[in-house]
Peer 1: 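Okay, handing you the structure first.
Both counts, for ligands and for their atoms, begin at 1 and track the order of listing.
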Amino acid sequence: MGSGKIIIAIDGYSSTGKSSFAKLVAKGLGYIYADSGALYRAITYFAYNNGFIDDRGAIDEEPLKKLLKIIKISFRNDRGGNSRTFLNGDDIEAGIRTSQVSGLVSKIAELGFVREHVNAILKQMAIDKGIVMDGRDIGTAVFPNAELKIFMTATPEVRAQRRFLELQAKGSKDTYEKVLEDLKKRDYIDEHREIDPLRRAKDAIELDNTFMTMEEEIEWLNKILLPNFNLEVELPKQ
Ligand code: CDP
């Protein structure tokens, strides 16, 4: 007999607010949150620090392929309940969010052996269902049978503005124009790669949040999609 728990796959472009939305949904349902992008970022961070990818994105595949089998990437929640990424026991959460890693990650994510490795970890995490996972190919390649699939979009300009503010808060000096250009570049590589490119699964419901607040997104989810599964996300009290 099933537990009644489902898999929720949330895919979409960068800076559409997938991870904030996915985290809130997971919390509200008592589900696990899984950030597939953090795995690609962790591998990029590892590759960069070991000289397997250079600043221009040239990759030395063989040593990466070998070492991928023995490194350990894991997630732990901090006291505030936020997920942090660890590499061989070291907290690398800040390291994987730099613009350096953001600029290279799509190159690493093009490699077939990297995608296979990440997918095996993701499948293990979802073994008992009750999970909200965000990424680029969750509804198309990782869990094509996920019970609920959402595809998030927003205009590139609004997404770049969100990312720009996020980076500024971290002390970054990147201009809005640079952020917009980087974002478009990454979207292009993600959409055009050979293996499991970013695209909307046929059965995914589109959520364009260009003009929506997070509360409105949760209201939309509760009204339109979750009643089918007898689920409801409670909004956190202000
Ligand atoms: O934070 P943001 O939404 O911009 O990106 P992310 O979710 O952290 O993902 C970083 C990068 O990892 C993406 O641009 C993709 O190149 C890659 N990725 C992927 O290929 N497949 C996934 N399921 C998740 C991420």
Peer 1: Assess whether a salt bridge exists between Lys185 and Glu181, defined as any Lys/Arg side-chain N lying under 4.0 Å from an Asp/Glu carboxylate O.
Peer 2: yes
Peer 1: Identify, by atom number and element, the atoms of ligand 1 in contact range of Asp137, meaning under 4.0 Å from any of its heavy atoms.
Peer 2: 21 (N), 22 (C), 23 (N)
Peer 1: Under 4.0 Å from a heavy atom of Ser36: give me the atoms of ligand 1 that qualify, with their elements.
Peer 2: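 Ligand 1 atoms under the 4.0 Å threshold to Ser36: 22 (C), 23 (N), 24 (C).
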Peer 1: Taking atom NZ of Lys27 as the centre, does the number of heavy atoms from other residues, nucleotides or ligands within less than 6.0 Å exceed 12?
Peer 2: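 It does not: Lys27 NZ has 12 such atoms or fewer within range.
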Peer 1: Within the 4.0 Å heavy-atom shell around Gly37, which atoms of ligand 1 are there?
Peer 2: 6 (P), 7 (O), 8 (O), 9 (O), 24 (C), 25 (C)
Peer 1: Check Ser15 against ligand 1 and report side chain, backbone, both or neither, counting heavy atoms closer than 4.0 Å.
Peer 2: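 The answer is the backbone of Ser15.
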Peer 1: Do His117 and Phe113 have ring centres separated by under 6.0 Å?
Peer 2: no
Peer 1: Taking heavy atoms and a distance under 4.0 Å, where does Ala109 meet ligand 1: side chain, backbone, both or neither?
Peer 2: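 The answer is the side chain of Ala109.
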Peer 1: Where the closest heavy atom to atom 1 (O) of ligand 1 is concerned, which of Glu166, Arg163, Arg97, Lys18 has it?
Peer 2: Arg163
Peer 1: Check whether the side chains of Tyr45 and Gln100 place a donor and an acceptor atom closer than 3.5 Å, and report yes or no.
Peer 2: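 The criterion, which ignores hydrogens and geometry beyond distance, is not satisfied for Gln100 and Tyr45.
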Peer 1: I'd like to know whether ligand 1 has Arg193 as a neighbour, heavy-atom separation below 4.0 Å.
Peer 2: yes
Peer 1: Would you call Lys170-Glu166 a salt bridge at under 4.0 Å N-O?
Peer 2: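 So Lys170 does not pair with Glu166 through a salt bridge.
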Peer 1: Report, in ascending order of atom number, the atoms of ligand 1 lying under 4.0 Å from any heavy atom of Ser14.
Peer 2: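 The list of qualifying atoms is 2 (P), 3 (O), 4 (O).
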Peer 1: Look at atom 16 (O) of ligand 1 and say which protein heavy atom is nearest, naming residue and atom and giving the distance to 0.1 Å.
Peer 2: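 Heavy-atom neighbour on the protein nearest atom 16 (O) of ligand 1: Asp190 OD1, 2.6 Å.
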Peer 1: Would you call Lys18-Asp11 a salt bridge at under 4.0 Å N-O?
Peer 2: no
Peer 1: Output yes when the distance from some N or O of ligand 1 to some N or O of Asp35 is under 3.5 Å, and no in every other case.
Peer 2: no
Peer 1: Got an N/O contact under 3.5 Å between Asp134 and ligand 1?
Peer 2: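 No - when backbone and side-chain N and O of Asp134 are compared with those of ligand 1, no distance drops under 3.5 Å.
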Peer 1: Count the heavy atoms of every other residue, nucleotide or ligand shown that sit under 6.0 Å from CZ of Phe229, and state whether that count exceeds 12.
Peer 2: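 Yes, the 6.0 Å shell around CZ holds more than 12 heavy atoms from other groups.
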Peer 1: With a heavy-atom distance limit of 4.0 Å, tell me whether Arg186 approaches ligand 1 through its side chain, its backbone, both, or neither.
Peer 2: side chain
Peer 1: Please state which option from Arg136, Met133, Glu110, Arg159 has its nearest heavy atom closest to atom 7 (O) of ligand 1.
Peer 2: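 Of the listed residues, Arg136 has the closest heavy atom.
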Peer 1: Are the charged groups of Asp187 and Arg193 less than 4.0 angstrom apart, N to O?
Peer 2: no
Peer 1: Are Arg84 and Phe75 in a cation-pi setup, meaning NZ or CZ lies under 6.0 angstrom from the ring centre and within 45 degrees of the ring axis?
Peer 2: no
Peer 1: Between Lys129 and Glu147, does any NZ, NE, NH1 or NH2 come within less than 4.0 Å of an OD or OE carboxylate oxygen?
Peer 2: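 Yes, Glu147 and Lys129 are salt-bridged.
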Peer 1: Heavy atoms only: which of Lys185, Arg115, Arg41 lies closest to atom 20 (O) of ligand 1?
Peer 2: Arg115
Peer 1: May I ask you to identify the nearest protein heavy atom to atom 18 (N) of ligand 1, giving residue, atom name and distance to one decimal place in Å?
Peer 2: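 For atom 18 (N) of ligand 1, the nearest protein heavy atom comes out as Tyr40 CD1, 3.6 Å.
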